[in-house]
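Every heavy atom of this structure was used, including side-chain atoms; hydrogens, water molecules and symmetry mates were not.
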Amino acid sequence: MLPLECTELKEFIRSTLRYRELIWALALKELKLRYKRSVLGFLWALLNPALMMAVLTIVFSTILRFNIPHYAIFLLSVLLPWTFFSQSLSYAAECIVGNGELIKKVAVPKLVFPVAAVVSNIINLLLSLIPMALLVLAMRHPFYSTWLYLPVPILALVIFTLGMSCFFATANVFYRDIAHILQVLLSAWFYFTPIIYALDFVPAHLHWLFRLNPIIYVINGFRLAIYYGMLPSRQSIAASFLCGIIALVIGCAVFRKYQDEFVFYV
Amino acid sequence: MSNPRQSANQIAVRLENVTQRFRVIQERPDTLRELFAKFFRHEVNYHDFDAISNLSLEVPRGQMLGVIGRNGSGKSTLLKIIAGVYRPTTGRVHVEGNLAPLIELGAGFHHELTGRENILLNGLLMGYSKQEMLMREQSIIDFADIGDFIDAPIKQYSSGMHTRLAFAVATEVDPDILVVDEILAVGDTSFQQKCFARIDKFREAKKTILFVSHAMPQITEHCDRAVLLDRGSILADGEPEDVVDFYRSLSTPELTPAH
């Protein structure tokens, strides 16, 4: 590996570990605020994906029928990680600007904000796996032992998301348009990623184009493990981690280069 | 009241030729559209302005330094540089020991969280560990004297309770250096007395204190030394009485603060 990548990764891991208590407290604060003043409180973290799943299941088993058995599981196995990814990015894009008043008054390590945004969404992702498992049982879809493999794509996805989050957190400080552009980008990205469809539906001569999509490899791991009961190929796993690490190195390098300027622009 | 504690190897805060330049952009392009518009018209409307210009300062450990000056003279910028909020444009800053910034009380407070939750979060933001904060939680609550409100969201606090809790969190953590920016102007008399009692305790413990105030009696009564800032430079530095007298002599003829 190049020396630059080593320094960036080392620096990132070092500060994350050093401020782990603060990151955790900020992530919990985020969740607490989200469910504050609701009667069911934290239960919404479980109910929300469960209800979304119920809706999708009803829609795709009665109204829209695809030639894919247990389409709800097929869809949700990748929709949940996608939701984690897009939510994290939306949060992260606003995190520096949103904490501007704080950054202007206290010397606080700025990296904690995007990391906390991602961590709070990891908690949501993990909680949403519970209703996912219940749905698999309820639909009598086989409950594969490959579920045990899920920590691997989760880790690769978290690395990728952290890198992208750092980048968008930085960019939005200098140009507030970024948060809006991000929403458009995410919805385009959603349709160009095999989430509601499988890659097999795409004409073969276009596959190379889809393989340029850095998130496809990690997303594929979720679907294989939950829906098909299979493990991704070694190349696919390697590609998912490679994309993640490249995103993290770039994201961290950009963030570290500009973080001292944040205070003048928030 | 000169300070006998000074010695060369006991410097708590050292600034060497520090300049803090702000680029004041008239109508900074906030959106890409504006940026493109400006870029193609080759318009760059800005001027640079030095909030602190080539300033050097040494504060020995255990000294209470009063910083005075008109509004806009650079007092808050100076404290923010020392507190690490700004990285100066040029020059070097060296701070020995951990520092508690009381630049704006309760800057890290979140209104939806309870007092107790905020104590922990604020402490973590200032760089203390969870264990340390839990250890000091009770004495913070005692000093803030807000009773059962500690478990209520702080948006329900009166501003006095808010200030007391914030002051308690910032000072109970036992910092080596305390940076106080005009915050003691708020709060009732008894709370102000309580705050100064605590500041005096810090002085007895040989802690370094940087103190900004517009209340001249506070400067002459509590500080060991005072500096007068004007347009980002030190105009006078010495005994608090002398510096305060000099400052008064500057502003009296005009009756109102100049500029």
Q | Any residue of residues 97-105 of chain A which, by heavy atoms, sits under 4.5 Å from chain B | A |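 The list, in residue order, reads A:Leu102, A:Ile103, A:Lys104, A:Lys105.
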Please indicate whether [X] has more than 12 foreign heavy atoms, meaning atoms of other residues, nucleotides or ligands, lying under 6.0 Å from its [atom1].
| X | atom1 | answer |
| --- | --- | --- |
| B:Asp148 | CG | no |
| B:Phe22 | CZ | yes |
| A:Trp24 | CH2 | no |
| A:Phe167 | CZ | no |
| A:Phe241 | CZ | yes |
| A:Phe190 | CZ | yes |

Q.
With side chain to side chain contact (heavy atoms under 4.5 Å, CB included) as the criterion, how do B:Leu113 and A:Leu33 come out once you've worked through the C-alpha distance, each side chain's angles and the decisive distance to 0.1 Å?
A. CA-CA 8 Å; B:Leu113 299 180; A:Leu33 295 180; 4.2 Å; yes
Q.
What part of B:Phe109 gets within 4.5 angstrom of chain A, counting heavy atoms only: side chain, backbone, both, or neither?
A.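 It is neither, since no heavy atom gets under 4.5 Å.
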Q) Checking heavy atoms, do the side chain of B:Ser76, its backbone, both or neither come under 4.5 Å from chain A? A)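 For B:Ser76, there is no contact with chain A at all, as no heavy atom is under 4.5 Å.
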Q. Any residues in residues 82-91 of chain B near chain A, with a heavy-atom distance under 4.5 Å, and which are they?
A.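 So the qualifying residues are B:Ala83, B:Gly84, B:Val85, B:Tyr86, B:Arg87.
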Q) If you measure from CG on A:Leu26 to NE2 on B:His110, what distance do you get to the nearest 0.5 Å? A)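 Between A:Leu26 CG and B:His110 NE2, I get 10.0 Å after rounding to 0.5 Å.
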Q. In terms of side-chain geometry, is the basic nitrogen of B:Glu117 or A:Lys29 positioned less than 4.0 Å from the acidic oxygen of its partner?
A.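 Judged by the 4.0 Å cut-off on N to carboxylate O distance, B:Glu117 and A:Lys29 do not form a salt bridge.
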(Q) Applying the side chain to side chain contact (heavy atoms under 4.5 Å, CB included) criterion to A:Glu21, which one of B:Met133, B:Gln131, B:Lys130 satisfies it? (A)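 Between A:Glu21 and the candidates, side chain to side chain contact (heavy atoms under 4.5 Å, CB included) is satisfied uniquely by B:Lys130.
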